[in-house]
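What follows is a short report on a single structure.
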Amino acid sequence: MYTDKVLDHFTNPRNVGEIEDASGVGEVGNMKCGDIMKMYLKINDSTNVIEDVTFKTFGCGAAIATSSMSTEMIKGKSIDEALSLTNKAIADALDGLPPVKMHCSVLAEEALKAALLDYQKKSGKNLGLNEEDFEDWDEE
Amino acid sequence: MRSIYLDHAATTPVREEVIEAMVKVLRENFGNPSSIHQFGRPVRKMMEEAREKVAKAINADPREIIFVGSGTEADNIAILGGARANKKKGNHLITTSVEHHAVLDAFKALEKEGFEVTYLPVDEVGRISVEDFKNALRDDTIFVSVMHANNEVGTIMPVEEIGAICREKKILFHTDAVQSVGKIPVDVTKINCDFLALSGHKLYGPKGIGVLYMRRGVRTQPLYFGGGQERKLRPGTENIANIIGLSVAIELAVAEMEQESARLSKLRDKLIDGVLANIEETRLNGPREGRLPHNVNVSIEYIEGEALLLTCDMKGMAASSGSACTSGSLDPSHVLMAMGLTHTTAHGSLRLSLGKSTTEDDIDYIIRELQPIAERLRAMSPVWERFQKGLPIA
Amino acid sequence: MRSIYLDHAATTPVREEVIEAMVKVLRENFGNPSSIHQFGRPVRKMMEEAREKVAKAINADPREIIFVGSGTEADNIAILGGARANKKKGNHLITTSVEHHAVLDAFKALEKEGFEVTYLPVDEVGRISVEDFKNALRDDTIFVSVMHANNEVGTIMPVEEIGAICREKKILFHTDAVQSVGKIPVDVTKINCDFLALSGHKLYGPKGIGVLYMRRGVRTQPLYFGGGQERKLRPGTENIANIIGLSVAIELAVAEMEQESARLSKLRDKLIDGVLANIEETRLNGPREGRLPHNVNVSIEYIEGEALLLTCDMKGMAASSGSACTSGSLDPSHVLMAMGLTHTTAHGSLRLSLGKSTTEDDIDYIIRELQPIAERLRAMSPVWERFQKGLPIA
Ligand SMILES: Cc1ncc(COP(=O)(O)O)c(C=O)c1O
Ligand SMILES: Cc1ncc(COP(=O)(O)O)c(C=O)c1O
Ligand code: FES
Ligand code: FES
């Protein structure tokens, strides 16, 4: 069902935890669907580089593995690079997910954008993120 | 590494006596029981002996035993067939909200055909009340289905009371005994049922064989058509190897039941107590009393079930969960939700179903290993974080 | 005493490779393929590999293979499901008058539900004509079922032609290939069928397993309800041992087909020639050409089938008959009657179906032994007496 990479990231998730003085925090998902993901970003205000990133996830194996993988993929990257990260790229980096689990990877992409939106609000920078885009954010 | 199978409610290993009996059939008795020649006749005889064994196990008459392809099929012939064949008598059906999908989805199909169905609610341990049942009865109620014991939380239902009322009111009564046969006494004359379903692979027999008990004189109709096998209710060449395998399995299961169930009940209680004591914010799902001897179901709050399962599996503990995320569907177990659990609690449910191979040492291991697993998953759970910070949990 | 099994069209012995594969599953892979833990995952994988093997055997895509409980069930899901799911498009169905009961009785049920069914006639060798088929087509024809080869007389039907016409007219086409798979080439892309049914126990696999091929994009509906197994078309815990057994059997059957069918065809022709030459007033049922390689069906006039069978059995020859008296019903085989045989001739029919174990020596034995058996039964037959005295035969 799951690839070795998914199982690896599930078993040894990278960057679990909280960041005390995070530049941006995003939480997405809901209890009804059984998946909630929270992402913390530490961003260098002058270079726009994501210097640190952590997550917490309540969700299935795929949800935890995609959370973990996404943090690895954006750590040390610029905000622009992070903004272009798609759920498909995360899933590909894990050598794929079962079709029924693709929606779990959406969660990671969503959480990241939510955290960046929070940073946009806090920093006053315009990252081109729009609150409304989140309201009707849909799976696939 | 350790490898403990804790999913006996999902399926059981096939016991050696059963395998040997099946292999003998596969090698020596391949004939078609409908053939009147020397290859067919002995097979017919074996099949009828198997029917007698199965009948004896549930105190039925051999003529009341119909071999079918699975527990699901038995449930469906009883329900779809029983309701459709008696449509003229009335349009109302009753079942419970915590049945297996083989029952529930059959009723959903009947609703689409125009039947009205009452789904009885359950209390917080998953049990229906006889009072609710009585209140649900109508003049046009023709068919009732209440499972003997629940597959997720092990709750035993008051089927004798329901059966007595149905018999008195001449309403057809089906019980899904897939989880109970071989675990607790099952006697069709005491349950007063008209139909009963059981399945081979839950009692150390093969997969792909089920039994429909149908009381003499009761009418149903088949789901599909063909040869005249199994009184036309289950046409198609009979699966003799599985029929023999099931008959061996059920005979042994019933013979060993008293002793094995006492042993399992003790292990079950030790496991429940150990987990609840060892892991904070954990609750038992289903009742303390009136529970299948091999069923443990706990919710470890603020953890998601599939993640829990996968981690358990890595530590050699194979269990199951009522979380949506394991099933691919979005809602968590309909049984847990019907019992009034919140989504959070339902998602964190873990079913550990014990069996013949389970030892006391296994139980100790589970109690010991589950705690750090819960801790680790909680450490990465934003919901646990909310809980600890005293924040509201959606 | 000799013991020759000549009823391979009824069922076949399970080959040793199949038994071994099944025993391995029963002992080592008991897990439920729906379980995500270490006991379930490998079983799921095995099941998908089996699906690939079966797909390859009939040149299908693995996603088009649905494991069911029997050939009968496959036929019924295709026919009942296919017709019901497409009812809105039209009300007319076509099949033949010589189908197996698994097909015929499904159509009878659909007639009761309000569908109109045309049963195509057959010629004297049991074959439908494509012309008749074309003439039967209507604007509201939505579903056609024509068997690939007949189980009683071995007649191979023009399914490619039927399939091509149905595809062109966008009419669903099902073929019952229970008798043909492993005997003659079966390629779903050449037959152009939307559904195809096959069964394990006709090709040296286990009983109680069938396959429904369903072309991608085609819709049907299940006969019963429950878990989501086999794309909801065949709910219930999967019979893995049988699924693996079938996959091994079909792979071997197809690999050995060319050679084995050539061998059997020779034996078949020798047997036909020998019986016709040796016993007077005997006729071949079914065609000389376009016949299953293992099927021999002769009518030994003025003898009743069951008596013939029993006597053959005493001489170690296990065969079958189209006589009413073996089936408990009063009419002789609908297949033989549709071919225009008289009651007398149909009653005297004897099917000898050859298989892997059949040797040339067996054939010689049968030819030798059948003649005195016929003579003995005729000596006590009043119909034979009438015939010999030149009196009219009812
Ligand atoms: C042509 C044909 N179709 C269907 C069937 C039914 O197959 P099964 O016995 O597996 O249900 C048979 C054999 O019994 C058959 O010969
Ligand atoms: C209560 C109950 N009913 C019915 C079934 C269906 O049985 P089977 O898998 O043999 O179709 C099961 C198990 O899957 C069950 O637990
Ligand atoms: S988080 Fe719910 S299915 Fe993955
Ligand atoms: S003579 Fe006995 S059944 Fe026909």
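Just the heavy atoms: all of them, side chains too, but no hydrogens, waters or symmetry mates, feed the values below. Order of the sequence lines sets the chain letters (A, B, ...), proteins ahead of strands, with each chain counted from 1.
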(request) Determine, for C:Asp105 against B:Lys232, whether the closest basic-nitrogen to carboxylate-oxygen distance falls under 4.0 angstrom. (result) no
(message) Quick check on C:Tyr224 against chain B: is it the side chain, the backbone, both or neither that has a heavy atom closer than 4.5 Å?
(response) both
(message) If I compare all heavy atoms of B:Ala9 with all of B:Ser353, which pair ends up nearest, and what's the gap?
(response) N-OG, 2.8 Å
(message) Would the distance check show the side chain of B:Asn242 and the main-chain N or O of B:Gly208 forming a donor-acceptor pair, the cut-off being under 3.5 Å?
(response) yes
(request) Go through the atoms of C:Met22 and report whether side chain, backbone, both or neither lie under 4.5 Å from a heavy atom of chain B. (result) side chain
(request) Check each atom of C:Ser35 against the heavy atoms of chain B and say whether the ones under 4.5 Å are side chain, backbone, both or neither. (result) side chain
(message) Would you say the rings of C:Phe143 and C:Phe115 are close, in the sense that their centroids are separated by under 6.0 Å?
(response) no
(message) Please evaluate residues C:Tyr365 and C:Lys315 with respect to the criterion side-chain contact (heavy atoms from CB on, under 4.5 Å), reporting the C-alpha separation (whole Å), side-chain torsions for both, the decisive distance (0.1 Å), and the verdict.
(response) CA-CA 10 Å; C:Tyr365 178 85; C:Lys315 293 279 175 190; 4.2 Å; yes
(message) Report which part of C:Asp7 has an atom under 4.5 Å of a heavy atom belonging to chain B: side chain, backbone, both, or neither.
(response) side chain
(request) Write down the atom of B:Pro33, the atom of B:Met47, and the distance for their closest heavy-atom approach. (result) CG-SD, 4.1 Å
(message) Tell me the closest heavy-atom pair linking C:Lys202 and C:Val178, and the distance in Å.
(response) CG-CG1, 3.5 Å
(request) Supply the atom-to-atom distance C:Asn29 CG to C:Lys45 NZ, rounded to the nearest 0.5 angstrom. (result) 11.0 Å
(message) Looking at every non-hydrogen atom in both residues, tell me the closest pair between C:Ile244 and C:Ala50 and how far apart they are.
(response) CD1-CB, 4.0 Å
(request) Mind checking the CZ-OG1 spacing from B:Phe107 to B:Thr95? Nearest 0.5 Å is all I need. (result) 4.5 Å
(request) Name the option with the most non-hydrogen atom pairs under 4.5 Å to chain C; the candidates are B:Ala319, B:Gly245, B:Gly200, B:Gly228. (result) B:Ala319
(message) Which atoms of B:Asn32 are under 4.5 Å from chain C, going by heavy atoms: the side chain, the backbone, both sets, or neither?
(response) both
(message) At a 4.5 Å cut-off on heavy atoms, which part of C:Glu16 comes close to chain B: side chain, backbone, both, or neither?
(response) side chain
(message) Using heavy-atom distances under 4.5 Å, tell me whether B:Phe39 contacts chain C through its side chain, its backbone, both, or neither.
(response) side chain
(message) I need the residue from C:Val18, C:Leu26, C:Val14 with the largest number of non-hydrogen atom pairs under 4.5 Å to chain B.
(response) C:Leu26
(request) Report the option among C:Glu28, C:Glu238, C:Glu73, C:His100 that has the most heavy-atom pairs separated by less than 4.5 Å from atoms of chain B. (result) C:Glu73
(message) So which residue, B:Arg234, B:Arg27, B:His101, ends up with the most heavy-atom pairs under 4.5 Å with chain C?
(response) B:Arg27
(request) Pick one of side chain, backbone, both or neither for C:Thr12, based on which atoms fall under 4.5 Å of a heavy atom in chain B. (result) backbone
(request) Would you give the length of the straight line joining atom NZ of C:Lys87 to atom CG of C:Leu110, rounded to the nearest 0.5 angstrom? (result) 8.0 Å
(request) Go through the atoms of C:Ala318 and report whether side chain, backbone, both or neither lie under 4.5 Å from a heavy atom of chain B. (result) both
(message) As a quick check of understanding, evaluate side-chain contact (heavy atoms from CB on, under 4.5 Å) for B:Phe225 and C:Lys108, giving each step before the final call.
(response) CA-CA 9 Å; B:Phe225 308 90; C:Lys108 297 259 163 68; over 6 Å; no
(message) Only pairs of heavy atoms separated by less than 4.5 Å count here; which of C:Pro206, C:Ser199, C:Pro235 has the most with chain B?
(response) C:Pro235
(message) Quick check: under 4.5 Å, non-hydrogen atoms only, which of residues 76-85 of chain B neighbour chain C?
(response) B:Asn76, B:Leu80
(message) Between B:Gly236, B:Ser70, B:Ser320, B:Pro13, who has the most heavy-atom pairs with chain C when the cutoff is under 4.5 Å?
(response) B:Pro13
(request) Could you look at C:Arg15 and say if it's the side chain, the backbone, both or neither that has a heavy atom under 4.5 Å from chain B? (result) neither
(message) Using 0.5 Å steps for rounding, measure from the NE2 atom of B:His37 to the CE atom of C:Met317.
(response) 12.5 Å
(request) Measure the spacing between CG of B:Leu308 and SG of B:Cys312 and express it to the nearest 0.5 Å. (result) 4.5 Å
(message) Please identify, among C:Asp75, C:Thr72, C:Ile243, the residue contributing the most non-hydrogen atom pairs under 4.5 Å to chain B.
(response) C:Thr72
